[in-house]
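As structure tokens, the structure follows; a few thoughts come after it.
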Amino acid sequence: MSGGGRAINVLNVAEKPSVAKSVATLLSRGQGMRVREGRSRYNKIFEFDYGIRGQRCRMLVTSVTGHLMELEFEDRFRKWHSCDPADLYAAPVRKSVPQDKLDIKRTLEEEARRCQWLVLWLDCDREGENIAFEVIDTCTAANCNLTIKRARFSALIEREIHDSVQNLVEPNRWFADAVDARQEIDLRIGASFTRFQTMLLRDAFVIDSAADDRNLVLSYGPCQFPTLGFVVERFWEIQSHEPEEFWIINCSHKSEEGIATFNWTRGHLFDYTCAVIIYEMCVEEPPATVAGVRQQEKYKYPPHPLSTIELEKRASRYFRMSSEHTMKVAEELYQAGFISYPRTETDNFSARTDLHAIVQEQRGHPVWGSYAQRLLDPSSGLWRNPSNGGHDDKAHPPIHPTKFSGGERNWSQDHHRLYELVVRHFLACVSQPAVGAETTVEIDIAGEQFAASGRVIIAKNYLDVYRFESWGGSVIPTYVPGQQFIPTTLTLDSGVTRPPPLLSEADLLNCMDKAGIGTDATMHDHIKKLLDRFYATKDQNMRFSPTNLGEALVMGYDDMGYKLWKPNLRSMMEFDMRAVSEGAKTKAEVLETCLQQMKACFLDARSNKQKLMEAMAVFFERAARTARDEQHVVGEFVRLCGLCHQSNMVLKRNRDGNFMVGCLGFPQCRNVVWLPGSVSEAVVTANICNSCSPGPIYMIQFKFRRLEIPPIFSVDHLGCIGGCDDTLQQLTEICGTGSRMSARGGGPTPLSSSAQRSNSRQQACSSCRQLGHSSTDCPSVISGTRNSRSRRADQQDGGLSVSCDTCGASCPMRTANTANNKGRKFYSCQSEGCNFFVWEDSLQNGGGRHGANGGASNSRARSNSLGGRGRGGRGGNNATNGTFVSATGDPVTGRCYVCGDPSHFANACPNRFT
DNA sequence: GCAAGGTC
């Protein structure tokens, strides 16, 4: 091993103590290795003799603990009031070793003085390269004659480590530069915005967080803020959700073999008339014909090897552990040698990993040991080489067990759980997928398609050990093509669309991962920061809601038109960092352009600080000395909340100046009545509404902006929000509301919310002079001229069809079979999820669509924001109560949806389509 | 008192 000539001293530095120990052990093969203390008690020094390409070496292997240095502003810029925060974009910064790392620095200096070579064993990623240069700077300051080399390795495996030390390379300056740029940008942006918004808002409002207001820091960071943005965005999405009623036909069939539930191929329809017509056709011609039976073998694959994010997501999902706690427990298991390094992006095992050896270790476990034995038995056929998740950080393998344990005495329940997850996940990864046999039966009732499916699990395979996942199986009776049967139940049911749930921790990690916010080692920190800063809370179900403070800050920047709370900024920076690390751009170039842009953004944000103040004023009271000129903060009493029955509903303005009546129980109670966007003034009067209950409900004197309401309405109106007031309802429909959600939606952020508001107000259609639509989507234009001509051109041989207004598919002509419309022809779209429907005679007449609602297939009438009346435009027809049950042969219940009479169905109603 | 990134 050791060659001739005089031995040189080689200082080897790893990123962390564990790597130093591994490298030393592997290189020395455990022979003749000495350990001695350095100045830092964590960072030992290992010594042994070794030969590098014929050169005899005395190897000294030690470590740092991550970054050795920190970037800071020079002293005179460190105090918050020492300078204008805008100056922080140019204030001099310097890198230095912080107090708690000085002992490591001294060790490096002392050892470097007696060495000739320095070999860097830092992790092989950009941060690792940057740390390498911190070590180089420290060591060369003590000994300028050092020869500097970099060891490149991707796993702590004997052959790999020997190879890398025999093939030393140069450190990569570009990689380190990319990190330098990132650090400087993060520091300047973070410090300037944090100081600015903290000093602006903390003393101006009474922020009732758990922290003392004086110590509250309203931080801004390029990772924490987009993380908050995800939470707020979902919250807004939920708030803006307007439940929409839909209709669905359900069919089931019971036979001796069991029951099959058939789902309507159309999914659901939002148009009630359309759904009822189809439903009634099915009811009147109920025999079902089996159109097809499909049998397929399906596989459920085991997960990819375990990365940090996956570990965090799964621990959150399976055990409700926070990502921060998961990482703490994982770190302890790692320190004790039970699992591999827990901070890894890699989800692919290197071909050199001895997977069988890892399984072998687990054979003795009382619970999963027998599964491990089966895996190793070639005759079981259970083994499968793990899939490749496609990520490799080139530094660490996927998380896997490194030492057998049947459970240690000092382990908490969470240590047990996490170790079990890591082991079971690993065993699952090297197992065959679960196999199932799926049967799909398609049936046809009066031209409508339904389908049912069942699954039988043939082989559980990995699911036997991965108890966290399941694969539902259900058996359905046997059907043969052409078979006919009478459905046991055939019902028309209603449902309402639901908003998405609040973000779970796993969802949030997913969002961050996709947008490139944070790293595997820091993502949980950013989430925790939201909680620590009182920007968000986590409920019992581990789901995140923004606090008033978090929402106000995001709202403030959103109102300025900035995407500072979106992940774009970080993505842009990440793109630039990559360019630097590839040598396409220089560090100086990126710093200059990025900081110039950010400074301009900062100055602009500061000149628009009023937006931030206004957003805060929506949620918080002004501090005493500034509250004098504020009004509408608390609001005037209108009624007791009919939802929570605990708090008062008060008249308020939102930050755009739009009026609303909201429950003071917010955020626990979210009851709110949004008022028409055309209201210019609103004052609660002493008049009490005598038709709405429970009372008292105080009436509000409104003034509307003349140009924003149709001429038939008066600008002055004494109104009630209890549901009795038709004028308010109509104006709300016509003008829209000032609801933040209707303004924000999912589209691009408006630069000015007032511009958005005026766009949402509707003008009269220039074609038919009606309100509620524009000439481009006027029903008379669509069905009367342009589209009916194009439809005529679409006739097909062997049967008439028209092209669908909505999806463009061909819609065949069909004949209605209902009592009132027997023999009448219509076209309805066959595409899944499409509910286009039109009567043939309405096309021939060239006129508009049917009746008030009939035929206008896609009109998804929005529910009125003035509560309590069901769907707009169909007063008196409360369809949600009417589940029409028409079990063939069984009694039929329900009532007519047109007039509400229980003695007949709509198909026999004399008032239908009149 | 501020960021995000390493790590103990």
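In what follows, chains are A, B, ... by sequence order, proteins preceding strands, each numbered from 1. Note that the structure is predicted; figures quoted are calculated from it, not measured.
- Here the C1' atom of nucleotide B/dA3 and the CG atom of A/Leu569 are 12 Å apart, to the nearest Å.
- Between A/Thr138 and A/Met69, the closest heavy-atom pair is OG1-CE, 3.5 Å.
- Looking at A/Tyr535, A/Tyr562, A/Phe225 one by one, the single match for ring pair (Phe, Tyr, Trp, His ring centres under 6.0 Å) with A/Tyr220 turns out to be A/Phe225.
- Comparing B/dA4, B/dT7, B/dG1 against the side chain of A/Thr198 picks out B/dG1 as the nearest.
- Checking the phosphate oxygens (OP1, OP2) of B/dA4, no side-chain nitrogen or oxygen of A/Thr519 falls inside 4.0 Å.
- Put simply, A/His526 has no side-chain N or O that comes within less than 4.0 Å of OP1 or OP2 on B/dA3.
- Checking the phosphate oxygens (OP1, OP2) of B/dA3, a side-chain nitrogen or oxygen of A/Ser219 falls inside 4.0 Å.
- Applying the 4.0 Å criterion to OP1 and OP2 of B/dG6, one finds that A/Arg182 has every side-chain N and O outside that range.
- Close to B/dG5, at under 4.0 Å from its OP1 or OP2, lies no side-chain N or O of A/Arg343.
- Remark: A/Phe77 engages no residue in a ring-ring contact (aromatic ring centres under 6.0 Å, His included) (not counting sequence neighbours).
- Using a 4.0 Å heavy-atom cutoff across all strands shown, A/Arg41 reaches no nucleic acid atom at all.
- Between A/Tyr419 and A/Trp411, the ring-plane angle classifies as tilted under the 30° and 60° cut-offs.
- Straight-line distance from the CG atom of A/Leu187 to the P atom of B/dA4: 11 Å, rounded to whole Å.
- Phosphate contact (OP1/OP2 of B/dA3, side-chain N/O of A/Arg188, threshold under 4.0 Å): absent.
- For residues 591-615 of chain A, the set of pairs meeting the ring pair (Phe, Tyr, Trp, His ring centres under 6.0 Å) definition, not counting sequence neighbours, comprises A/Tyr89-A/Phe602, A/Phe193-A/Phe602, A/Phe196-A/Phe602.
- By the ring-ring contact (aromatic ring centres under 6.0 Å, His included) test, A/His425 pairs with A/Tyr466, sequence neighbours left out.
- Interface residues of residues 123-133 of chain A facing DNA chain B, ordered by number: A/Asp123, A/Glu127; criterion, heavy-atom separation under 4.0 Å.
- Looking at heavy-atom distances under 4.0 Å, A/Leu68 makes no contact with the nucleic acid at all.
- Protein atom NE2 of A/His67 is 10 Å distant from nucleotide atom C1' of B/dT7, rounded to whole Å.
- The CD atom of A/Glu72 sits 16 Å away from the P atom of B/dA4 (whole-angstrom rounding).
- B/dA4 atom P lies 10 Å from atom CD1 of A/Ile189, rounded to whole Å.
- Scored by the ring-ring contact (aromatic ring centres under 6.0 Å, His included) test, A/Tyr334 finds A/Tyr341 as partners (sequence neighbours excluded).
- Minimum atom distance to the side chain of A/Lys529 is reached by B/dA3, of the listed B/dG6, B/dG5, B/dA3.
- Nearest approach of A/Asp123 to A/Lys16, heavy atoms of both residues: OD2-NZ, 3.1 Å.
- Looking at heavy-atom distances under 4.0 Å, A/Gln183 makes contact with a base.
- Residues passing the side-chain hydrogen bond (donor to acceptor under 3.5 Å, both in side chains) test with A/Glu47 are A/Arg36, A/Arg58, sequence neighbours excluded.
- Minimum atom distance to the side chain of A/Thr522 is reached by B/dG5, of the listed B/dA3, B/dG5, B/dC2.
- Here the C1' atom of nucleotide B/dG5 and the NE2 atom of A/His524 are 12 Å apart, to the nearest Å.
- In this structure, the side-chain hydrogen bond (donor to acceptor under 3.5 Å, both in side chains) partners of A/His391, at least two apart in sequence or on a different chain, are A/Asp347.
- Contacts with DNA chain B (heavy atom under 4.0 Å) in residues 74-101 of chain A: A/Trp80, A/His81, A/Lys101, listed by number.
- Between A/Asn43 and A/Phe225, the residue anchored nearer the 5' end of DNA chain B, judged by the nucleotide with its closest heavy atom, is A/Phe225.
- In this structure, A/Tyr220 atom OH and B/dG1 atom P are separated by 23 Å, rounded to whole Å.
- Comparing B/dC2, B/dG6, B/dA4 against the side chain of A/Arg570 picks out B/dA4 as the nearest.
- In this structure, A/Leu200 atom CG and B/dC2 atom P are separated by 18 Å, rounded to whole Å.
- Distances were taken from every side-chain heavy atom of A/Tyr341 (C-beta onward) to each of B/dA4, B/dG6, B/dC2; the shortest belongs to B/dG6.
- Listed by chain and residue number, nothing satisfies the ring-ring contact (aromatic ring centres under 6.0 Å, His included) test with A/Phe133 (two or more places apart in sequence, or in another chain).
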